[in-house]
Structures are given as C-alpha cells and as structure tokens.
Engineer: 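Take this structure first; my questions come after.
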Amino acid sequence: MVEFQAPKGVPEYYPPRSSAFLSVRDALAYPARHAGYEYIELPVFEDTALFVRGVGESTDVVSKEMYTFTDRGDRSLSLRPEGTAGVMRSIVENRLDKGPLPVKLWYAGPFFRAERPQHGRYRQLQQVGIEAVGGDDPALDAEVIALADEGYRRLGLQKYRLDLTSLGCAQCRPAYRALLTSFLVGLELDEPTRARAHVNPLRVLDDKRTEVIDQLVGAPLMVDHLCEACGEHYNSVRSFLADAGVRWTEAPRLVRGLDYYTRTTFEFTHELLGAQSGIGGGGRYDGLMESVGGGSLSGIGFGLGTDRTLLACEAEGLDVASRPRLDVFVVPIGNLARHVSVGLLAELRAAGVRVDMAYGERGLKGSMKAADKSGAPLVVIIGDDEVAAQVVQVKDMQQGTQQSISRQMVVDEIRRSIVEETQ
RNA sequence: GUGGGUGUAGCUCAGCUGGUAGAGCGCCGCGUUGUGGUCGCGGAUGCCGCGGGUUCAAGUCCCGUCACUCACCCCA
C-alpha cells in the first residue's frame, strides 16, 4: 500500500487518459472560443458570503457541500462549488459591465463539492463554462445552448439529450410556487421530502421514486403559469433554437439545484452514465448580479462537466485522443550520433515538429522498441556511418520502409511529410 | 449523510469445503554483426488493503477500520 493517496473523491488524469481529458476540455471550449467568447481566469476560492448570497443559502451545494475554511486574517473563504457567482463578482469588481454588452466569457477549471463520491461524482470536478451577461435577448439563450450542444457533437457524442424548460421570473414564479405548495401539502410524502417541499417545492417535482411520481401526475407546472413576458420569451427561445438546428425535449419538471436560475433552464444528460447522468446544464439568471452587489444585468450561461463528458465518450467507445503524441522519434547509435541527434532535435522542434529521442544507453534494439512504443510514425536513425556520410536514415514505421536522406535536407523533408499527413 | 458490494503482482482476475500464492496481459532480457511490431525462450515484482480475533495452521472464518465501488441523496 502506498503511503500517500490523493484525497478521497478527487480524480486524477495521467497518461494515457490525460490526453483524452485535454481533448474533451478543448472540444467543449472550442465552440465558445470561436463564437467570440473571451477567457476569464478566476480564483479557486472566494469569500464564502459570495456563494451564500449568489448560489443561495437553501441549496444543498451551499448548505452542506462547500469546503469552507478560515484564513489567517479570520476571513471565511470557500473553495468554489460552481463558476457563475465568481464570474459575476469579477464582472462587477472589474467593471466589465461598463464595456460593450453582452459580456461574453468562458472559463475552465476545478470546482469543489464535499459529496459522497461515486461514478461520475467527484469532490473535485472539472467544468468548462460560459456566461453571456447583459442581455435578455432570447437569441442569446439559444446561442448559449447551441454552443454547449456543438461541444458534445464535436466529440462525436450521440447518446445524450437536451432537456429544456422555463422557470419563470420574479413576477410569475411566487404565485406558481404558492400553487405548487398547496398541491404538495395534500400528498402523502415522507419527512425528508416534506422538508424539501418547504425549502424549495420545485425540487420535489424531479423526485425519482415512483410512489412520489405517481402522486405528481396532476401537479401544476411552471410552464403553464408563466407570465406573458416569460411565455413570449420562452417561445422565442424555442424558435431560435430550432433555427440553430438544436433538438431538445420539453422537460416541464426540470429543476436545477442552484437558486439563481430564472426563465430558460436546461440540462444535458447522457444515457450511458448511470445515476450521475448530467453532463452539463445551465440557464438564465436575472437577479444574480444584483444579489452580489452589481447592477441589474441579466445573463445566461452553462457549466459542462469535463469529467462526465469524458466518461460519456468512453461509454460510447469514442476515441477522443487518437492523434499520436509525437511525429518523430530519433534513435542515435553511439556517442557521436548522440551529439548529432541533439542538434537535429533542436532544429526539428524549432520547425514545429513534435519529436523525442532515445535517451540512455539502450542499444539499437532497445531504442527501436522505445521508438515503436512512442507511437511516432517516423523514426530517424543515426549511426557512425550516417554521421560520416552526413545523412540520416528515416524509417516509416507503418510501412517498414527506410530511406537515406541528407542531414541538410532532413528537417524540410520531415516537415513536408507531416504537413501532407495532417491535410 | 444512509444502505449494498468489493479489496490477491503495474493491470484484469483465479485461488474448491482453512495447510506458508497462480494465470493472462504488461514490463525487462535473450534469439550473435546497426533496426520496432509477430513468434519462441528466460526473468523480476506480492507485508493476499490495514488492525485485531478464532485455530496447531488464515488469502481463505469472525470483528473492526480504511479505500474503492454501486444506489439513495445531490448534481457537472
């Protein structure tokens, strides 16, 4: 048994899977980056009060899942459980909301929740997120959702679904909430569920137990009680989504665990992931910025789970990191050749070629084995004969063919063959 | 936080009713002169998760503990 282990529930990504993790993260961020969203790097911990006020005191995330600690200045800080509140804080603090609107940002990194770990649920989770702040144009909602969808599509994912609904606003939700509450009090519910209904009646709607679901058949739904403005907004969002070519499922019982969501709300789930099926989600938040001390700008955003998306790719058998890690592997024979090789390595790297060489005295056979395992399609072999003749041997590992190329020409030759291959 | 399952070589796992550890894969080496993958041969590696108990004897039974895992809950 090893002396030290990574903290409970914290996933690590090491080779070879780490390259797949990077590919997933990049694929999820790509659509937003190419839609003009700019990068924002945020603190991993913030003032605890930011999350309490922003995310909501009654949420499970804040009430029992935060890693909270006191620093040496006696300040209460918490590892961020989600990204949106921090983005809002930064926008307000750095006056980004005084510039052109909407402010469009993307971020990626770790978030922390002190939950019981299980497949796809981690205490340190990785997310890629975007926020579009300072606009309530329903086309913006559609854009955000479409960018998430495109990320999953880029990876080749197929067995996922987009659930969509509207949670109304400060105008219409309170009345609906009262209606739902009066409906719920008439049901046969156990104590924890009653408590939940008291804290947030909406949350009872997505209960998974059949005995609860059966009782919810006639429950009033938010989408049937939207005010005129929210109803119109939601219709427009759906219309723009259709224009964007995104397919969704109406999910009138969709509820999210964070209090700030209003109007458009969505979640992506993958069918092969078991209990932790949510691979991404998000929605509109109209009052969030005000609640953290900013102006009354509304926004919309999403958080996509990098860990779970990777699991989803693996569940679908997708090879998300098929590109070899190297273009060339150099095999020197003898000390003289090692000097030539080091020089060649520098030139190749400067030319943008991804290259490694056989270090250590392994002998030609061992070096060739290492070359094979490196996955590089080309191997450059240099021995005394080659040094004397000022050439190198370039071997195509797949074909098994080999040709002698002059030392002078070899960098250009290799670069050319790589360009051809990537076309 | 609440339940269930599992913990044996780097990995996947076998080890029947208790008698001092095995396979496949991987790794390293060899198959003579400067060439990988296939094949053949050889080799290294285990406090059998940890602690206690029962027993002449425990990987094997009992208790505890830790870790992992699945579900609830929650969510990415």
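Per chain, numbering begins at 1; letters A, B, ... match sequence-line order.
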Engineer: Closest approach to the side chain of A/Arg116, judged atom by atom: which nucleotide of B/rC74, B/rA76, B/rG1 is it?
Structural biologist: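 Nearest to the side-chain atoms of A/Arg116, counting from C-beta on, is B/rG1.
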Engineer: What interatomic distance, in whole Å, is found between C1' of B/rG64 and the corresponding atom of B/rC28?
Structural biologist: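 So the two C1' atoms sit 41 Å from each other.
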Engineer: In whole Å, measure the gap between the C1' atoms of B/rU45 and B/rC39 for me.
Structural biologist: 25 Å
Engineer: Nearest nucleotide by nearest heavy atom, which residue falls closer to the 5' end of RNA chain B, A/Thr401 or A/Pro7?
Structural biologist: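 By nearest-heavy-atom nucleotide position, the 5'-most residue is A/Thr401.
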Engineer: Paired with B/rG22 by Watson-Crick or G-U wobble geometry, both distances under 3.5 Å: which nucleotide is it?
Structural biologist: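 Across all strands, the one nucleotide that pairs with B/rG22 is B/rC13.
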Engineer: Under the 3.5 Å rule, do the base of B/rU35 and the side chain of A/Gln402 count as making a donor-acceptor pair?
Structural biologist: yes
Engineer: Under 4.0 Å, heavy atoms only, any strand: does A/Asp60 hit a base, just the sugar-phosphate, or nothing?
Structural biologist: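 Sugar-phosphate contact only.
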Engineer: Has the side chain of A/Arg308 got a donor or acceptor atom sitting under 3.5 Å from an opposite partner on the base of B/rC75?
Structural biologist: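 Such a pair exists between side chain and base.
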Engineer: Please state how far atom CZ in A/Phe21 lies from atom P in B/rA76, giving the value in whole angstrom units.
Structural biologist: 17 Å
Engineer: Between B/rC56 and B/rC41, how far apart are the C1' atoms? Round to whole Å, please.
Structural biologist: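 Pairwise C1' distance, B/rC41 against B/rC56, rounds to 43 Å.
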Engineer: Can you check the A/Lys365 NZ to B/rU35 C1' distance for me, whole Å?
Structural biologist: 8 Å
Engineer: Check every strand shown and say whether A/Gln124 touches a base, only sugar-phosphate, or nothing at a heavy-atom separation below 4.0 Å.
Structural biologist: nothing
Engineer: In whole angstrom, give the distance that lies between atom CZ of A/Arg121 and atom P of B/rG1.
Structural biologist: 12 Å
Engineer: Using atom CG of A/Asp372 as one end and atom P of B/rC28 as the other, report the distance to the nearest whole Å.
Structural biologist: 11 Å
Engineer: State which of B/rG36, B/rA76, B/rA67 makes the closest approach to the side chain of A/Lys8.
Structural biologist: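 Of the options given, the side chain of A/Lys8 lies nearest B/rA67.
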Engineer: Roughly how many Å is it from CG in A/Asp385 to P in B/rU33, rounded to a whole number?
Structural biologist: 15 Å
Engineer: Report the relative orientation of the aromatic rings in A/Tyr67 and A/Phe112; use parallel for angles under 30°, tilted for 30 to 60°, perpendicular for over 60°.
Structural biologist: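 A/Tyr67 vs A/Phe112 ring planes: perpendicular.
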Engineer: Looking at A/Asp327 and A/Arg354, is any side-chain nitrogen of the basic one under 4.0 Å from a carboxylate oxygen of the acidic one?
Structural biologist: yes
Engineer: Would you classify A/Gly363 as touching base, sugar-phosphate or nothing, given that sugar-phosphate means primed atoms plus P, OP1 and OP2, and contacts are heavy atoms under 4.0 Å?
Structural biologist: nothing
Engineer: What distance, rounded to whole Å, do you find between the two P atoms, one in B/rG49 and one in B/rC30?
Structural biologist: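 Their P atoms lie roughly 36 Å apart.
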Engineer: Without decimals, in angstroms, what is the distance between A/Leu273 CG and B/rC74 P?
Structural biologist: 19 Å
Engineer: Is there a donor N/O on one and an acceptor N/O on the other, under 3.5 Å, for the side chain of A/Glu386 and the base of B/rG34?
Structural biologist: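 Flag set: donor-acceptor pair detected.
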Engineer: Within the pair A/His119 and B/rC70, is there a side-chain N or O less than 4.0 Å away from OP1 or OP2?
Structural biologist: yes
Engineer: For the C1' atoms, the ones on B/rA21 and on B/rC13, what distance do you get once it is rounded to whole angstrom?
Structural biologist: 14 Å
Engineer: Tell me, please, whether A/Tyr14 has A/Arg17 positioned over its six-membered ring: NZ or CZ under 6.0 Å from the ring centre and within 45 degrees of its axis?
Structural biologist: no
Engineer: Could you check whether A/Arg196 pairs with A/Asp207 (Lys NZ or Arg NE/NH1/NH2 to Asp/Glu carboxylate O, under 4.0 Å)?
Structural biologist: yes
Engineer: Indicate whether the side chain of A/Tyr160 and that of A/Thr269 have a donor and an acceptor atom separated by less than 3.5 Å.
Structural biologist: no
Engineer: Tell which nucleotide pairs with B/rC75, taking only Watson-Crick or G-U wobble pairs whose two distances are both under 3.5 angstrom.
Structural biologist: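 None - no nucleotide pairs with B/rC75, as no candidate has both distances under 3.5 Å.
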Engineer: Kindly assign one of parallel, tilted or perpendicular to the pair A/Phe268 and A/Phe266, based on the angle between their ring planes and the thresholds 30° and 60°.
Structural biologist: perpendicular
Engineer: For a quick check of understanding: with a heavy-atom distance under 4.0 Å over all strands, which category does A/Arg123 fall into, base, sugar-phosphate or nothing?
Structural biologist: nothing
Engineer: For B/rA71, does either OP1 or OP2 sit under 4.0 Å from a side-chain N or O belonging to A/Gln118?
Structural biologist: yes
Engineer: Considering every strand shown, what is the Watson-Crick or G-U wobble mate of B/rA44 when both distances are under 3.5 Å?
Structural biologist: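 The answer is none; no pair meets the criterion.
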Engineer: Backbone N or O of A/Glu115 within a donor-acceptor pair of the A/Arg123 side chain at under 3.5 Å?
Structural biologist: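 A pair under 3.5 Å: yes.
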Engineer: Assign A/Gly334 to base, sugar-phosphate, or nothing according to its heavy-atom contacts below 4.0 angstrom with the strands shown.
Structural biologist: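 If one applies the 4.0 Å heavy-atom cut-off, A/Gly334 turns out to touch nothing in the nucleic acid.
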Engineer: Take atom C1' in B/rU6 and the same atom in B/rU12, then report the distance between them in whole Å.
Structural biologist: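 Result for the C1' pair: 14 Å, nearest Å.
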Engineer: Taking the side chain as every heavy atom from C-beta outward, state whether A/Arg113 and A/Glu82 have any atom pair closer than 4.5 Å.
Structural biologist: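 In contact.
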Engineer: Measuring only the P atom in each nucleotide, how far is B/rC25 from B/rG40? A whole number of Å is fine.
Structural biologist: 9 Å
Engineer: If B/rU33 has a Watson-Crick or G-U wobble mate with both distances under 3.5 Å, name it; if not, just say none.
Structural biologist: none
Engineer: Would you mind pulling out the nucleotide paired to B/rG7, Watson-Crick or G-U wobble, both distances under 3.5 Å?
Structural biologist: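 With both distances under 3.5 Å, B/rG7 matches B/rC66.
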Engineer: Nearest of B/rA76, B/rG3, B/rG34 to any side-chain atom of A/Glu115?
Structural biologist: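 My answer, after comparing the listed nucleotides, is B/rA76.
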Engineer: Describe the nucleic acid contact of A/Ile279 in one word from base, sugar-phosphate, nothing, applying a heavy-atom distance below 4.0 Å.
Structural biologist: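 Sugar-phosphate: the residue A/Ile279, judged by heavy atoms under 4.0 Å, touches backbone atoms but no base.
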Engineer: Return the 5'-most residue of the pair A/Gly281, A/Gln276 with respect to RNA chain B, ranking by each residue's nearest nucleotide.
Structural biologist: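 Its nearest nucleotide lies further toward 5', so the answer is A/Gln276.
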Engineer: Contact class for A/Arg256 vs. all strands (heavy atom < 4.0 Å): base, sugar-phosphate, or nothing?
Structural biologist: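 Counting heavy atoms under 4.0 Å across all strands, the contact made by A/Arg256 is with sugar-phosphate only.
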Engineer: Nearest whole angstrom, please: distance from the P of B/rG10 to the OH of A/Tyr14.
Structural biologist: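 Answer to the nearest Å: 13 Å.
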Engineer: Give the rounded distance in Å between these two atoms: CZ of A/Phe302 and P of B/rC75.
Structural biologist: 20 Å
Engineer: Give me the distance, rounded to whole Å, that separates B/rC27 from B/rC70 when you measure between the C1' atoms they each carry.
Structural biologist: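 It comes out at 33 Å once rounded to the nearest Å.
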Engineer: Counting the atoms with a prime plus P, OP1 and OP2 as sugar-phosphate, which does A/Tyr122 contact under 4.0 Å by heavy atoms, base, sugar-phosphate, or nothing?
Structural biologist: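 Base: the residue A/Tyr122, judged by heavy atoms under 4.0 Å, touches a nucleobase.
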Engineer: Using only heavy-atom distances, decide whether a donor-acceptor pair under 3.5 angstrom links the side-chain of A/Lys373 to the base of B/rG36.
Structural biologist: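 No such pair is found, so the answer is no.
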